[in-house]
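Down below is the structure, laid out as C-alpha cells.
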Amino acid sequence: MGRVSYLLIGTAAFDTLRVLAMDTTALTEEARARHHTSPTATAALGRSLTAALLLAQVLSKRPEDRVGVRIQASGTIGYIVTEGGRDGSARGYVKHPEADLPPRASDGKLDVGGLVGTDGEISVTRLLENLEPYTGSVPLVSGEIAEDVAMYLSKSEQLPSAVLLGVLVSASGVTQAGGLLIQTIPGVTDETLETLEANLRAMPQLTSIMRDQGLGGVVARALEGLEFIAQGETLPLEFKCRCSLERAINAMTFFSDREREEMALSGGQEVVCHWCNEHYIVTPDLLRAMNDSATVAN
C-alpha cells in the first residue's frame, strides 16, 4: 500500500493555538502525474492544493463545504486554481503546467515565487452561513504562497495565523509535500507568541523535517514547549475530481444537432476535464442518440 495523505488537527498552549498539519505528498504526486507539471509548477500547485485544504478546515463548517483558491500574478505559470473540501478532497490545475525556472542561486530551492510572480492577488471563494458565495482577495506578498495565505487570513478574514507550505520534488516525482497552519485564539499570551515565533524561525525547511521525522516531527518542532494535544482521528486527504462521463455527455447539449453529427462523423468527441486532466470520449453512438432524443422531443 502506498503513502496516504492525511490531516492532523489539535490545539496547543492550553487551547490558545489551533493547529492543522497536513502530509499531502501522495495527493500532490497525483496532481503532478495528471497534469504533467514541471518541478517548479509542481511545487506551486502542491502548495496551493495544501492551502485550499487548510482553508477549507479553517473557513467552513458544513461537511460538504468547499473553498476555492485562485492565484494570478505576473509569472510565467499564468494562474493557479485549486479547490479543497472539508471532507479532505482536493483538485486543481495551473494555466501553464510546463512553465519552469532554474533553482534559486541563493539557496538552491525551487523558485516558486519567481514562477508565480508578485504583481497579482490571491482570491479565496467560500460559502457563507446563509449559503451565499463570498470571495475575498488580497495582493500577493511574495508569490511563495504560504506568506500570501497568511496575509489573506489576517487581512480578509481577521484570523492571524502562521502558515508553512512545502513541496520537495525529485527526478522520480514528489517525495515530500505538506503544510502547517497555526491559528491564534483569543486569550493567547505574548509569551506563547514569542515561543511560537522563535520555534518557527529556528525550524529547518518543512519538507526536510517531514523527510527525517514525519509530520509529527513538524508539529513537535513548531510547538516545542507549547504542549500540543491532538484532537480526534486523522483525516485522509485525496486528489479527487467531480467530473464524469455523464457530465462530459451533458456538455454536448450545448452544441447543435448538426455540430454533434459532425463530431460523430469524425469518430466522436474527446472532452478533457481541466481540473484533473481526465479524458472522456463521447462516442458517435452517444452523439447520435442525443440527436435522436432531441428530434423526438421536438
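This one's a predicted model, so the numbers in the text were calculated from it and none came from an experiment.
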> Where do Ser156 and Ser137 come nearest, in terms of heavy atoms and distance?
Replying inline: OG-N, 4.4 Å
>> So for atom CD, which belongs to Glu129, do other residues, nucleotides or ligands contribute more than 12 heavy atoms lying within a distance under 6.0 Å?
In response: no
>> Is the shortest side-chain heavy-atom distance between Leu53 and Leu49 below 4.5 Å?
In response: no
> So, for Gly114 and Leu101, which heavy atoms are closest and what is the spacing to 0.1 Å?
Replying inline: C-CD1, 3.4 Å
> Which value, rounded to the nearest 0.5 Å, describes the distance between Leu7 atom CG and Gln57 atom CD?
Replying inline: 5.0 Å
> Take atom CD in Glu224; do more than 12 heavy atoms of anything else shown fall under 6.0 Å from it?
Replying inline: no
> Would a 4.5 Å heavy-atom cut-off, applied to side chains only, mark Asn291 and Glu261 as touching?
Replying inline: yes
> More than 12 heavy atoms of other residues, nucleotides or ligands under 6.0 Å from CG of Asp119: is that the case?
Replying inline: no
>> Does atom CZ (Phe14) have a neighbourhood of more than 12 heavy atoms from anything else shown, all under 6.0 Å?
In response: no
> Does Asp65 reach the main-chain N or O of Arg62 with its side chain, forming a donor-acceptor pair under 3.5 Å?
Replying inline: yes
> For Val188 and Leu17, what are the C-alpha separation, side-chain angles and deciding distance, and is it a side-chain contact (heavy atoms from CB on, under 4.5 Å)?
Replying inline: CA-CA 7 Å; Val188 65; Leu17 296 175; 4.1 Å; yes
> Are Asp87 and Arg66 within salt-bridge range, i.e. N to O under 4.0 Å?
Replying inline: yes
> Do Asp100 and Pro39 come within less than 4.5 Å of each other through their side chains, counting heavy atoms only?
Replying inline: yes
> Taking side chain as C-beta onward, heavy atoms only, is Val272 less than 4.5 Å from Glu270?
Replying inline: yes
> Can you check side-chain hydrogen bond (donor to acceptor under 3.5 Å, both in side chains) on Asn277 and Arg34, steps first, answer last?
Replying inline: CA-CA 6 Å; Asn277 204 34; Arg34 282 181 172 275; over 6 Å; no
> Can you tell me if CD on Glu246 sees more than 12 non-hydrogen neighbours from other groups inside 6.0 Å?
Replying inline: no
> Atom CG in Leu59, atom OG1 in Thr125: separation rounded to 0.5 Å?
Replying inline: 11.0 Å
> Cluster question for you: counting only ILVMFWY and a side-chain heavy-atom cut-off of under 4.5 Å, with indirect links fine, are Val167 and Val4 together?
Replying inline: no
> Out of curiosity, does Val141 fall in the hydrophobic cluster containing Tyr152 (side-chain heavy atoms, cut-off under 4.5 Å, transitive links)?
Replying inline: yes
>> Side-chain heavy atoms nearer than 4.5 Å, only ILVMFWY residues, links allowed to pass through others: does that put Leu115 and Val69 together?
In response: yes
>> With a 3.5 Å distance limit and no angle check, can you tell me whether Ser208 reaches the backbone of Pro204 through a side-chain donor-acceptor pair?
In response: no
> So which heavy atom on Leu159 is nearest to which on Ser161, and how close?
Replying inline: O-OG, 2.9 Å
> Near Glu233 CD, under 6.0 Å, is it more than 12 heavy atoms from other residues, nucleotides or ligands?
Replying inline: no
> Are side-chain N/O atoms of Asp23 and Ser5 paired as donor and acceptor at under 3.5 Å?
Replying inline: no
>> Can you give me the closest heavy-atom contact between Val67 and Ala56, atom names plus distance?
In response: CG2-CA, 3.6 Å
> How many angstroms lie between OH in Tyr6 and OG1 in Thr234, if you round to the nearest 0.5 Å?
Replying inline: 7.5 Å
> Side-chain contact, heavy-atom cut-off 4.5 Å: Arg211 with Thr175?
Replying inline: no
>> Using 0.5 Å steps for rounding, measure from the CD atom of Glu157 to the CD atom of Gln183.
In response: 10.0 Å
>> The test is side-chain hydrogen bond (donor to acceptor under 3.5 Å, both in side chains); show your working for Thr192 and Thr189 and say whether it passes.
In response: CA-CA 5 Å; Thr192 291; Thr189 66; 3.0 Å; yes
> Can we say Arg247 and Glu278 salt-bridge, meaning some charged N sits less than 4.0 Å from an Asp/Glu carboxylate O?
Replying inline: no
>> If you count heavy atoms of other groups shown closer than 6.0 angstrom to CD of Glu191, is the number above 12?
In response: no
> If you count the non-hydrogen atoms of other residues, nucleotides and ligands that lie under 6.0 Å from CZ in Arg258, is the total more than 12?
Replying inline: no
>> Before you tell me yes or no, could you show the steps for Thr135 and Ser123 under side-chain hydrogen bond (donor to acceptor under 3.5 Å, both in side chains), namely the whole-Å CA-CA distance, both residues' side-chain angles and the distance that decides it to 0.1 Å?
In response: CA-CA 7 Å; Thr135 299; Ser123 300; over 6 Å; no
> Taking Ser154 for the side chain and Met151 for the main chain, is one N or O donor matched with an acceptor at less than 3.5 Å?
Replying inline: no
> Can you find a pair of side-chain heavy atoms, one from Glu259 and one from Met252, that are under 4.5 Å apart?
Replying inline: no
> Just wondering, do Arg242 and Glu83 contact through their side chains at under 4.5 Å, heavy atoms?
Replying inline: yes
>> Using side-chain contact (heavy atoms from CB on, under 4.5 Å), reason through Thr195 and Asn199 one step at a time and then give a plain yes or no.
In response: CA-CA 6 Å; Thr195 300; Asn199 289 348; 3.9 Å; yes
>> Using every non-hydrogen atom in the two residues, find where Ile145 and Asp148 come nearest and quote the distance to one decimal.
In response: N-OD2, 2.9 Å
> Roughly how far, to the nearest 0.5 Å, is the CE atom of Met290 from the CZ atom of Arg260?
Replying inline: 4.5 Å
> Is any side-chain heavy atom of Thr24 closer than 4.5 Å to a side-chain heavy atom of Leu237?
Replying inline: yes
>> Looking at Arg47 and Glu147, is any side-chain nitrogen of the basic one under 4.0 Å from a carboxylate oxygen of the acidic one?
In response: no
>> How close do Thr28 and Ala177 get, counting heavy atoms only, and between which atoms?
In response: OG1-CB, 3.6 Å
> Looking at Val163, Leu8, Val19, which one forms a side-chain contact (heavy atoms from CB on, under 4.5 Å) with Leu180?
Replying inline: Val19
> Does a donor on one side chain sit under 3.5 Å from an acceptor on the other, for Ser172 and Ser170?
Replying inline: yes
> Would a distance-only check, ignoring hydrogens and angles, find a side-chain to backbone donor-acceptor pair under 3.5 Å from Glu144 to Gly113?
Replying inline: yes
>> What I want to find out is whether Glu64 reaches Arg86 closely enough, with some N-O distance under 4.0 Å, to be called a salt bridge.
In response: no
> Going from CH2 on Trp275 to CZ on Arg91, what distance comes out if it is rounded to the nearest 0.5 angstrom?
Replying inline: 5.0 Å
>> With side-chain contact (heavy atoms from CB on, under 4.5 Å) as the criterion, how do Glu30 and Glu238 come out once you've worked through the C-alpha distance, each side chain's angles and the decisive distance to 0.1 Å?
In response: CA-CA 9 Å; Glu30 180 165 355; Glu238 62 177 333; over 6 Å; no
> Same cluster for Ile122 and Val58 if Ile/Leu/Val/Met/Phe/Trp/Tyr side chains link at under 4.5 Å?
Replying inline: yes
> Where do Ser48 and Thr82 land on the side-chain hydrogen bond (donor to acceptor under 3.5 Å, both in side chains) test, with the steps shown first?
Replying inline: CA-CA 6 Å; Ser48 299; Thr82 55; 5.0 Å; no
> Are Phe228 and Met203 connected in the hydrophobic side-chain network, where two residues link if heavy atoms are under 4.5 Å apart?
Replying inline: yes
>> Set out, in order, the CA-CA distance, both residues' side-chain angles and the distance that settles side-chain contact (heavy atoms from CB on, under 4.5 Å) for Met22 and Leu181, then state yes or no.
In response: CA-CA 9 Å; Met22 289 184 173; Leu181 189 154; over 6 Å; no
>> Could you check whether Arg70 makes a cation-pi contact with Tyr79, meaning its NZ or CZ is under 6.0 Å from the centre of the six-membered ring and within 45° of the ring axis?
In response: yes
